Amino acid sequence: MRTFTPTLGGEQVEIAAPEPGRFDATAFRAAFPPSALYGLDVEGFYMDDLGQFSPDFGLRLIQFGTAAYAWVLTLDDPVQRAAAIELLSDLEVSFCSHTSMDVLSVATQLGVDITARNVDTRMLAAMAAPDDKRGGKDLKTLVTAHIGAELEAAEKVLADRFTALWLASEPSRKKPARSVIDAYGWANIPLDDPDYLTYAGLDAVACRRLANVLVPLTEAPPALLEVETWLAGEANRIQLRGMRVDQAALDALSDEARRETSEAEAIVVEISGGIPARSPKIQDWLGEHGVDWDTWEDRGGALTDTGKPSLAKNNVKLLLDYPLDEQGRAVAEQLIRFKSHQDALNKTSGLLTLVAPDGRLHPSLNTLGAVTGRMSSSGPNFQNFSKKDPRMRGLFLPEPGHVLLTADFDQVELRVVAALARETKMIDVILAGGDLHQLTVDELAESGIEITRDTAKMTNFLIVYGGGGRALHEQADIPLEDAQNIVATFRERYPAINDLSRAMGQFRDSIRTISHRRIPVTTNKQGDLRTYANINYLVQSSARDLLVDAWHRFAHEFGRGPMVWFPVHDELVLQVPEALVDQVTDEVQRCMRFDFMGVPISASAVALIDEDGTSRWMTSKRAEAIAAARSTPKDS
DNA sequence: TGCCCTTGCGCG
DNA sequence: AAAGCGCGCAAGGGCA
């Protein structure tokens, strides 16, 4: 048996790395008795876009650790592999690992589902430092900060070994990018390399120690940690299961988007003398061919965040209103064409590389992706598929025999802010089943200001986001003075909201939500505190907690956890066996119904059935329209 | 060429 | 007094 004795945080660590054929399974199992939590880490090949779902991915080592020692098992050895699977499968044993990487690897490569028995240290790090997007959640950085620098040093040694390996293998070739060297290194470093084995063992020990260090730093009540741990497991299960993709529809949509955008792009480049359709330079060029950008806003053109004219597909058509010359007109027409297919191009080209060999998409779900605790998604981001083109969401299908069903909260953020602020005018309207946007119309009318319901709706959301007159002016195409007047009057008419906004704005370090989640106050690029955003953090975070509460009840009170297909901020999309649709519709609505500080929160669930009678992903609005059309057939 | 930053845009 | 929130992704563009 090879053993290594590096230190971590100044304390000696014992790493056991048995050679193939000389593995003592009894000693291994005795080192990891049941009813305990062990650090888990794996080393595999470098990953491509498909990650653990790639046919090229595989594991080489698996490591288990306590705070003091680790075993590094070689998965090439059938005996060690079997011992690893046996330990992983023991329902009395729990693990802690950093990110979903190890849990997903164990599931796809060893066939063991530990999603419900894993504590994610990255989740703990996110609870402890919600705004630390970069190093603060990375394992090496965390270990260096809280335990010791030895792991980072070991990784550096390994990186140098990879470089040396590459140079030895191809001395004539020029040194490539770091990622290429790493890919080569992870795949080719000998399984008996001491640096590799030491690094691998240290990782598992570090992760185990990190769990203990991070829990108190979260300053979170045990119940909250328990829910977050459960949720992270559910997120891993969702990613493992993935969603069915309509491959023929994807190919067709991709072909169309590619054809349209490349033809449009070619014409734009040709006429403009080499400017790509998406280059900012195209605006200058258009300015020389008849567009007067000074009048863009007056004509109703939207601006980007940086105050420049936006050529997004919603307003690119405005170009045609200018006295363009022949070239300018041709370019404008092709830009409109390009923009109308740009989103489909981006999304479908990404999807083509992300559909796994099982014909499924496996997007990740980061349960604490945002500072507010909101969940985020990547690979692809499943939470920002267009709802304008129904073919986009329609690419995703339920399992055979199942129906997709979506349950959306009704105006949850406005209700939450009304409750938190104790804004009685709003609460009364909610209790009476009225319309909060119309309430704002009526309130402002009493102060002598006439606005449309659309403007009222924008104002309502604006206030919840911490915005002011200028933002309303820019978004609603209202003169600045009028917009400022609307906002000021809004604050007068809703004094409790104004008070809450000001009270939250007093916090300069961090705010605390009612579920005791700590959210740091953020700064802008100039380093100024954005205390005006605090109210939104409180509201957005509370709404997120309500969704997770509902999900938790759905899973625990009704045993429907496996039916959750994907969460989208204020909605749960479910995948339900056909026979249970009516029953689950009722159940999920019950789980999403709350009395939040005396304010009713409710949700509406609808089955997603397309015009052809099959179930596919779509917005609830579209599903309702199709259902209505079905129940009142057209006269013929 | 690879890397990093900014811009723009999809969703809630 | 004034202050639009949270994400992920693709492409452009500057730089080494």
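Everything numeric in this text was worked out from a predicted model, so none of it was measured. Quick note on labels: first sequence line is chain A, next is B, and so on, each numbered from 1.
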**Student:** What integer distance in Å separates A/M375:CE from B/dC11:C1'?
**Tutor:** 15 Å
**Student:** Of A/R337, A/Q334, A/R258, which meets side chain to side chain donor-acceptor pair (under 3.5 Å) against A/E263?
**Tutor:** A/R337
**Student:** Short of 4.0 Å, heavy atom to strand atom, which residues of residues 527-552 of chain A count as contacting DNA chain C?
**Tutor:** A/R530, A/Y532, A/A533, A/N536, A/Y537, A/Q540
**Student:** Return each pair, listed once, that meets ring pair (Phe, Tyr, Trp, His ring centres under 6.0 Å) where at least one residue sits in residues 456-491 of chain A; pairs must be two or more places apart or across chains.
**Tutor:** A/H437-A/F461, A/F490-A/Y494
**Student:** Give a yes or no answer on whether the side chain of A/S501 reaches the backbone of A/I497 with a donor-acceptor pair at less than 3.5 Å.
**Tutor:** no
**Student:** With DNA chain C as reference, determine whether A/S378 or A/R374 sits nearer its 5' end, using the nearest nucleotide of each.
**Tutor:** A/R374
**Student:** Quick one: A/M392 CE to B/dG10 C1', roughly how many Å, whole number?
**Tutor:** 9 Å
**Student:** Would you call A/R391 and A/E256 a salt bridge, using N to O less than 4.0 angstrom?
**Tutor:** yes
**Student:** Could you grab the distance from atom OG of A/S615 to atom CG of A/L397, nearest 0.5 Å is fine?
**Tutor:** 8.0 Å
**Student:** Near DNA chain C, which residues from residues 451-473 of chain A have a heavy atom under 4.0 Å away?
**Tutor:** A/L462, A/Y465, A/G466, A/G467, A/G468, A/R470, A/A471
**Student:** Tell me: CZ of A/F490 to C1' of C/dA2, nearest whole Å?
**Tutor:** 16 Å
**Student:** Considering the options A/Q239, A/R122, A/M123, which one meets the side chain to side chain contact (heavy atoms under 4.5 Å, CB included) requirement together with A/S100?
**Tutor:** A/Q239
**Student:** Taking the six-membered ring for Trp, are the ring centroids of A/F162 and A/W186 within less than 6.0 Å of each other?
**Tutor:** yes
**Student:** State whether A/R259 and A/E265 are salt-bridged, where the test is any N-O pair (Lys NZ or Arg NE/NH1/NH2 against Asp/Glu carboxylate O) under 4.0 Å.
**Tutor:** no
**Student:** Without placing hydrogens or testing angles, list every side-chain donor-acceptor pair under 3.5 Å for residues 502-515 of chain A, not counting sequence neighbours.
**Tutor:**
| unit_1 | atom_1 | unit_2 | atom_2 | d |
| --- | --- | --- | --- | --- |
| A/Q506 | NE2 | A/R502 | O | 3.2 |
| A/R512 | NH1 | A/H516 | O | 3.0 |
| A/R512 | NH2 | A/E219 | OE1 | 3.0 |
| A/T513 | OG1 | A/S515 | N | 3.3 |
| A/T513 | OG1 | A/S515 | OG | 3.1 |
| A/T513 | OG1 | A/R517 | N | 3.1 |
| A/S515 | OG | A/D545 | OD2 | 2.6 |

**Student:** Sub-3.5 Å donor-acceptor pair from the side chain of A/H98 to the main-chain atoms of A/K137, do we have one?
**Tutor:** yes
**Student:** Along nucleotides 10-16 of chain C, 5' to 3', which nucleotides get a B, which get an S, and which get a -, given that the test is a protein heavy-atom distance under 4.0 Å?
**Tutor:** SSSS---
**Student:** So that I can tick it off, tell me whether A/D570 and A/R544 are bridged by a salt bridge, with the cut-off set at under 4.0 angstrom between side-chain N and carboxylate O.
**Tutor:** no
**Student:** Could you tell me whether the phosphate oxygens of C/dG6, OP1 or OP2, come under 4.0 Å of any side-chain nitrogen or oxygen in A/T372?
**Tutor:** no
**Student:** Find the distance A/F385:CZ to B/dG12:C1' and express it as a whole number of Å.
**Tutor:** 15 Å
**Student:** Which part of the nucleic acid does A/G379 contact within heavy-atom distance under 4.0 Å: base, sugar-phosphate only, or nothing?
**Tutor:** sugar-phosphate
**Student:** Roughly, in whole Å, what's the span from CD1 in A/I282 to P in B/dT7?
**Tutor:** 19 Å
**Student:** If the plane angle is over 60° it's perpendicular, under 30° parallel, otherwise tilted; pick one for A/W617 and A/W565.
**Tutor:** perpendicular
**Student:** For DNA chain C, which ranges pair as stems of 3 or more consecutive Watson-Crick or G-U pairs, with both donor-acceptor distances under 3.5 Å?
**Tutor:** B:1-12 with C:5-16
**Student:** Write down the distance between CZ (A/F566) and P (B/dC11), rounded to a whole number of angstrom.
**Tutor:** 16 Å
**Student:** Does NZ or CZ of A/R553 come closer than 6.0 Å to the centre of the six-membered ring of A/F594, within 45° of the ring's axis?
**Tutor:** yes
**Student:** Any idea which of B/dG10, B/dC11, B/dC9 is nearest the A/N381 side chain?
**Tutor:** B/dG10
**Student:** Side-chain N or O of A/S310 less than 4.0 angstrom from OP1 or OP2 on B/dC9?
**Tutor:** yes
**Student:** For A/R491, answer base if it contacts any base atom (sugar-phosphate contacts may also be present), sugar-phosphate if it contacts only those atoms, and nothing otherwise; contact means non-hydrogen atoms under 4.0 Å.
**Tutor:** base
**Student:** Examine A/F396 together with A/F385 and report whether their ring centres are nearer than 6.0 Å.
**Tutor:** yes
**Student:** Examine the side chains of A/S604 and A/D408 and answer whether a donor and an acceptor come within less than 3.5 Å of each other.
**Tutor:** no
**Student:** Using atom CD of A/Q383 as one end and atom P of C/dC5 as the other, report the distance to the nearest whole Å.
**Tutor:** 19 Å
**Student:** Using whole Å, what does the distance between atom P of nucleotide C/dC7 and atom CD of A/E571 come to?
**Tutor:** 19 Å
**Student:** Side chain of A/N384: nearest nucleotide among B/dG12, B/dG10, C/dC7?
**Tutor:** B/dG10
